[in-house]
Structures are given as structure tokens and as C-alpha cells.
Amino acid sequence: MQIPVVQKVLAANDLLAGEMRAEFEKFGLFVVNIMGSPGAGKTSLIEQTLSRAGDLKIGVVEGDLATSLDAERIARHGAQVVQINTGGACHLDASMVRKALDRIDVTSLDVLIIENVGNLVCPVSFDLGETARVVVCSIPEGDDKVLKYPAIFSSASIVVLNKIDLLPYVPFDLAKFEESIANIGRRLIKVSCNTGDGLDNWMEWLRARQV
């Protein structure tokens, strides 16, 4: 009896996500769902993106279990930001994002970034109506994440490897990680949100995919 219930939940989620995707397309809005482990640097990447946005108008939906700490960081950059607290749920779903959109003027934006809850498992199952998915990884997490969590990496448009400034200090096999990404056919962008290295490549990718 459990399986049909799950199927109905996902079907309802996908239906709502499809409606939101159509709405985003109507407004010419590029929507990025950023996923990754806690501490990978998702919020830091968004902060760096806002700092480099220029005339690109970016809004942010922040997902978090319990706090508004990340949203407060984003708000300091002057961007529209809405916090979603999941109350313990390990992912965002379409209904949560739908409610958040009532508090943000998407018609004034070029890009909407959704920072998902820190997790490499659950977020992959929930369509949020996004245009693209990005997985953020970091050097301290280790070089085996693509092999251990293949679904979320395969669902992503690109993978961003953050904290490359730590490569000299952490036992991370970069060649092994690059091979893992190449094997699933995804582009890898290497960045350091600390030093700024590689962020021009990230911004180039983001700007090139605006609707």
C-alpha cells in the first residue's frame, strides 16, 4: 500500500512543477536548482554570483531545515530572497517553492536561484520546475561522491567543484574526480569561492543559458 501513495505524491509534485515551468518560460526566467552537501559552498557560490551579476537581476529561494542564516547572507547583497524552512524535511518540493513564489516578484528577474536543502540523495526526486540543475561539490568531501551518489550527478546540467584552493592540503584525487564526471557526460567547472578562481567560467555558463 505504500508504493501507490509515494507515486501519487511524486505525480502531484511533477504536475505542479510543470505548471511552474510553464510560468517561468512565460516570463523568460532562467531557474537554477542548486544542490549539494551541507558545507559544499552552495550559499558561497550564490553570494559570489550576486557580487558578479552586474545588470543581471537575480532572486533567490533559500531552502533550510530550521534557520534563516543563509537567507540573511544573501539579503546583504541586496537580492530578493525568500526563506523556506522545511521543518526537518531533507529536500524542497514543488509546493514549497510555489508558496515562496508568492513572496517574490519573478517578473522583475532574469534568473531565479533555488538553493536546495543540503543533501545528495532526496532532492533528485523532486522536480521544482527548474531550467537547470547544478550540483556543488567541494574538495574536503572527497573524490568519490560521483561514484557513491550517481543519481544526483546524472540529473545535473553541470557540476561545480568548489574549494580548489584546498587541493594542496587535502588528499583529493582530481584526475579520478574529473574522470567520474566525464563518464556521466557532464561539464565540470572548478572554482574557489574563497580566492575567486574559476568563477568567471561559472558566470559565463550562467549568462549563456538565460532564456
Side-chain angles (χ1 to χ4, degrees), residues 17 20-21 24 29-53 56-65 67-75 77 79-86 89-94 96-97 100-101 104 106 109-139 141 145-146 149 151-164 181 186-193 198-199 201-211:
M20 291 195 298
R21 182 175 291 106
F24 296 150
L29 186 65
F30 183 63
V31 182
V32 186
N33 179 6
I34 295 186
M35 305 179 290
S37 301
K42 300 185 295 299
T43 308
S44 295
L45 181 65
I46 296 169
E47 287 185 290
Q48 291 289 349
T49 302
L50 293 171
S51 296
R52 290 166 167 77
L56 201 62
K57 300 177 183 65
I58 301 175
V60 181
V61 172
E62 275 287 341
D64 193 274
L65 269 67
T67 77
S68 60
L69 295 174
D70 291 345
E72 291 166 9
R73 288 171 56 182
I74 297 303
H77 294 269
Q80 291 190 66
V81 56
V82 178
Q83 178 71 58
I84 299 174
N85 287 136
T86 64
C90 55
H91 59 272
L92 296 178
D93 63 31
M96 295 175 186
V97 175
L101 294 179
I104 192 168
V106 296
L109 301 176
D110 302 308
V111 176
L112 177 67
I113 296 176
I114 302 169
E115 181 178 348
N116 219 311
V117 177
N119 191 330
L120 287 176
V121 180
C122 307
V124 71
S125 300
F126 290 84
D127 185 358
L128 303 182
E130 68 269 39
T131 316
R133 289 181 171 185
V134 175
V135 176
V136 179
C137 266
S138 66
I139 298 299
E141 293 174 64
K145 290 298 173 289
V146 182
Y149 303 93
I152 196 165
F153 288 92
S154 296
S155 78
S157 302
I158 63 165
V159 177
V160 174
L161 179 62
N162 187 26
K163 307 184 185 181
I164 58 172
I181 296 297
R186 297 296 181 270
R187 180 184 173 187
L188 174 64
I189 297 179
K190 293 171 282 189
V191 308
S192 168
C193 290
L199 288 169
N201 294 330
W202 158 251
M203 292 305 298
E204 180 183 358
W205 178 87
L206 186 65
R207 288 181 179 280
R209 279 151 186 83
Q210 278 184 262
V211 178

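Predicted, not measured: the structure shown is a model, and the values here were computed from it.
Rounding to the nearest 0.5 Å gives a distance of 8.0 Å between CD1 of I152 and OG of S37. Distance CZ/F126 to CG/L92: 10.0 Å, rounded to 0.5 Å. Summarising the geometry, atom CG belonging to L112 is positioned 9.5 Å from atom CD belonging to Q80; distances are rounded to the nearest 0.5 Å.
Looking at R21 and T131, their side chains never bring a donor and an acceptor atom within 3.5 Å of each other. Using modelled atom types and a 3.5 Å distance limit, the side chains of Q48 and S51 yield no donor-acceptor pair. S68 and Q83 form no side-chain donor-acceptor contact under 3.5 Å, judged by distance and modelled atom types alone.
R187 places none of its side-chain heavy atoms less than 4.5 Å from the side chain of S157. Contact annotation: the side chain of L101 approaches that of M20 to within less than 4.5 Å [non-hydrogen atoms, C-beta and beyond]. Inter-residue side-chain proximity for I84 and D64 is flagged as unmet; no heavy-atom pair is nearer than 4.5 Å.
Residues satisfying the ring pair (Phe, Tyr, Trp, His ring centres under 6.0 Å) test with Y149, not counting sequence neighbours, are none.
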task = Test R133 against E130 for salt bridge (charged side-chain N to carboxylate O under 4.0 Å, His left out), laying out the working first.
result = CA-CA 7 Å; R133 289 181 171 185; E130 68 269 39; 2.4 Å; yes

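Heavy atoms of other residues, nucleotides or ligands lying less than 6.0 angstrom from NZ of K190 number 12 at most.
Counting all heavy atoms, side chain and backbone alike, T86 lies closest to A89 at OG1-O, 2.8 Å.
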